[in-house]
Amino acid sequence: MSVDYYDVERDLSSEERMTRDTVRKFVTNEFMPVVREHFQAGTFAVALIPRLGELGLLGANLSGSGLPGINNVAYGLVMQELERGDSGLRSFASVQGSLVMHAILAFGSEPQKERWLSLLGAGKAVGCYGLTEADHGSDPEGMKTKAVRDGKGYLLNGSKMWITNGSISDVAVVWAKLDGTIRGFLVEKGTAGFSARDIKSKLSMRASITSELIFEDVRIPGENLLPKAEGLKAPLQCLTQGRYGIAWGALGAAMACFEEALAYTSERKQFGRPIASFQLTQAKLADMLTEITKAQLLCLKLGRLKDAGAMRHTQVSLAKRNNVRIALEIARTARGMLGANGISDEYPVMRHLCNLETVETYEGTYEIHTLILGKDLTGLSALM
Ligand SMILES: Cc1cc2nc3c(=O)[nH]c(=O)nc-3n(C[C@H](O)[C@H](O)[C@H](O)COP(=O)(O)OP(=O)(O)OC[C@H]3O[C@@H](n4cnc5c(N)ncnc54)[C@H](O)[C@@H]3O)c2cc1C
């Protein structure tokens with residue numbers, strides 16, 4: 001069993017519980033035994049990609065084209081359990097489903113959907129999502145990557161930075177300006193002029209591939225333009241889906257850190273007593289539990305709103321902003337509670353702590369979500 005102080009279990013359907021338990025088993029039995037070696041080596045567990053597909057965990061909440069179409073609470077629980085393993089595992093599934101498959105489903109043509117969705121859902125193809133550039137992160141509207149018309153197709157030039165799954169992808173959803181308007185293009189692996197270079201300097205999200213994408217006079221066939229995506233609102237709509245999963249995922253990382261801290265301090269003795277018996281330790285555990293419980297209730301309510309078609313993107317901002325920040329604080333506190341062992345990769349806590357630094361930054365930093373909420377509350381944008 002796992003931390004569930006307010007009996008959220010009671011509000012889950014049997015399908016939702018079953019989905020969560022299946023993912024928990026997969027992560028425990030198949031992912032945890034290999035996560036340390038991947039984190040140390042700076043590699044992703046690519047051998048597990050087809051397993052993620054077999055289990056229906058890629059684009060799990062999307063419907064049509066043979067996709068599982070599970071509800072959004074079950075999907076959130078999938079994200080929670082994947083990130084209980086490692087943020088890199090959840091990032092893989094988030095990018096593949098919420099960013100790439102969602103973009104093709106929402107903005108793609110019928111032939112694009114037929115070509116990619118079932119392959120991506122089965123884990124037989126990998127996708128990445130290129131929005132960020134080296135000089136344009138929080139402000140993607142300023143992007144420099146540009147497409148121009150070239151006969152029946154397009155010529156693409158520019159680069160994207162910090163792209164999850166970049167070098168292992170068969171297809172990249174790339175956002176670029178065409179006549180000054182942001183449009184989405186499907187850029188396939190092996191296209192002349194397109195290359196991906198891995199970023200090796202990361203101290204966070206090490207068990208995940210992050211790359212730079214480079215486009216030098218890349219010829220894109222006309223049918224690879226996403227026909228229904230025009231303007232920044234299209235990539236932002238995908239990000240709302242991604243951020244929804246992150247809110248749940250960060251909770252999974254927080255739960256893993258809390259459970260480790262509780263178990264460790266109950267066993268570890270100093271001054272002749274378990275360190276869990278000291279009041280200062282108990283105060284930390286009580287604070288962690290309180291934040292986790294609030295985040296669990298937030299996620300469940302957000303998921304039910306999403307299933308009812310009533311979720312607003314600003315509510316997703318609130319949940320992403322809150323849950324990642326509390327997860328980061330819980331990971332940091334847990335790290336200290338494990339003493340010197342807290343910095344060892346024999347325990348998962350420091351790995352989660354390092355990963356969560358990325359999760360706080362990507363898909364809208366803490367500050368950007370603060371400003372989204374500020375605008376929603378006041379009607380005044382601090383971003384322009
Ligand atoms: C491991 C990893 C994986 C990633 N994967 C992807 C991916 O798959 N696809 C993709 O497109 N991108 C990806 N990203 C990029 C990520 O989304 C960006 O890093 C993020 O949007 C922040 O942009 P930036 O790094 O350029 O920071 P900046 O935008 O330069 O921000 C730096 C700091 O300034 C603050 N700041 C910026 N503007 C304001 C403001 N108006 N007011 C107050 N503070 C402000 C920010 O909050 C931040 O603290 C990934 C990043 C990482 C680290």
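For the single chain, residues carry numbers from 1 onward in sequence order. The basis for the numbers below is simple: all heavy atoms, side chains too, and nothing from hydrogens, waters or symmetry mates. Atoms within each ligand, like the ligands themselves, are counted from 1 in listed order.
Protein non-hydrogen atoms do not reach within 4.0 Å of atom 33 (C) of ligand 1. Proximity of atom 14 (N) of ligand 1 to the protein is indicated by at least one non-hydrogen atom lying closer than 4.0 angstrom. For atom 49 (O) of ligand 1, the protein comes within 4.0 Å by at least one heavy atom.
By the 3.5 Å distance cut-off applied to N or O atoms, E367 is counted among the residues near ligand 1. An N or O contact shorter than 3.5 Å is missing between T210 and ligand 1 by distance. Below 3.5 Å of separation, one finds an N or O of S138 facing an N or O of ligand 1. For the pair M161 and ligand 1, the shortest N or O to N or O distance does not fall below 3.5 Å.
Between Y75 and Y244, the angle of the ring planes stays under 30°, which puts this pair in the parallel group of the 30/60° scheme. Taking the six-membered ring for Trp and thresholds of 30 and 60 degrees, Y154 and F185 have ring planes more than 60 degrees apart, a perpendicular arrangement. Taking the six-membered ring where the residue is Trp, F194 and F215 present parallel rings, their angle staying beneath 30° rather than reaching 60°.
Counting heavy atoms under 4.0 Å from ligand 1, residue E363 touches it through the backbone alone. Counting heavy atoms under 4.0 Å from ligand 1, residue T132 touches it through both backbone and side chain. Contact annotation for T365 and ligand 1: only side-chain heavy atoms (C-beta onward) come within less than 4.0 Å of the ligand. Looking at L99 against ligand 1, nothing comes within 4.0 Å, counting heavy atoms.
Under a 4.0 Å N-O distance rule, the pair E329/K284 does not qualify as a salt bridge. Taking a cutoff of 4.0 Å between a charged side-chain nitrogen and a carboxylate oxygen, R115 and E188 qualify as a salt bridge. Using a 4.0 Å cut-off between a side-chain N of Lys or Arg and a carboxylate O of Asp or Glu, E212 and R197 qualify as a salt bridge.
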Item to complete: List the steps, then state whether side chain to side chain donor-acceptor pair (under 3.5 Å) holds for R243 with S317.
Response: CA-CA 7 Å; R243 291 161 176 173; S317 284; 4.8 Å; no
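Distance from atom 39 (C) of ligand 1 to its nearest protein heavy atom, with residue and atom name: I368 CD1, 4.1 Å. Distance from atom 1 (C) of ligand 1 to its nearest protein heavy atom, with residue and atom name: T358 CG2, 3.4 Å. Closest to atom 26 (O) of ligand 1 among all protein heavy atoms lies G137 CA, 3.2 Å. Nearest non-hydrogen protein atom to atom 3 (C) of ligand 1 is T164 OG1, 3.4 Å. If you check which protein heavy atom lies closest to atom 42 (N) of ligand 1, you get L371 CD1, 3.6 Å. Protein heavy atom in closest approach to atom 19 (O) of ligand 1: T361 CG2, 3.7 Å.
Atoms of ligand 1 found under 4.0 Å from any heavy atom of L131 (numbered from 1 in listed order, with element): 11 (O). Listed by number with element, the atoms of ligand 1 under 4.0 angstrom from any heavy atom of I163 are 7 (C), 8 (O), 9 (N), 10 (C), 11 (O).
Between T164 and Y362, the side chains place no donor N or O within less than 3.5 Å of an acceptor N or O (distance only, hydrogens not considered). In this model, no donor atom of one side chain and acceptor atom of the other lie less than 3.5 Å apart for N165 and Q96.
In this comparison of W175, Y129, W162, the heavy atom closest to atom 6 (C) of ligand 1 sits on W162.
M205 and V95 are not part of a single hydrophobic cluster, where members link through side-chain heavy atoms under 4.5 Å apart.
Residues E133 and S159 come closest through the heavy atom pair CG-O, 3.3 Å. Residues S118 and S65 share a closest heavy-atom pair of CB-O, 4.3 Å.
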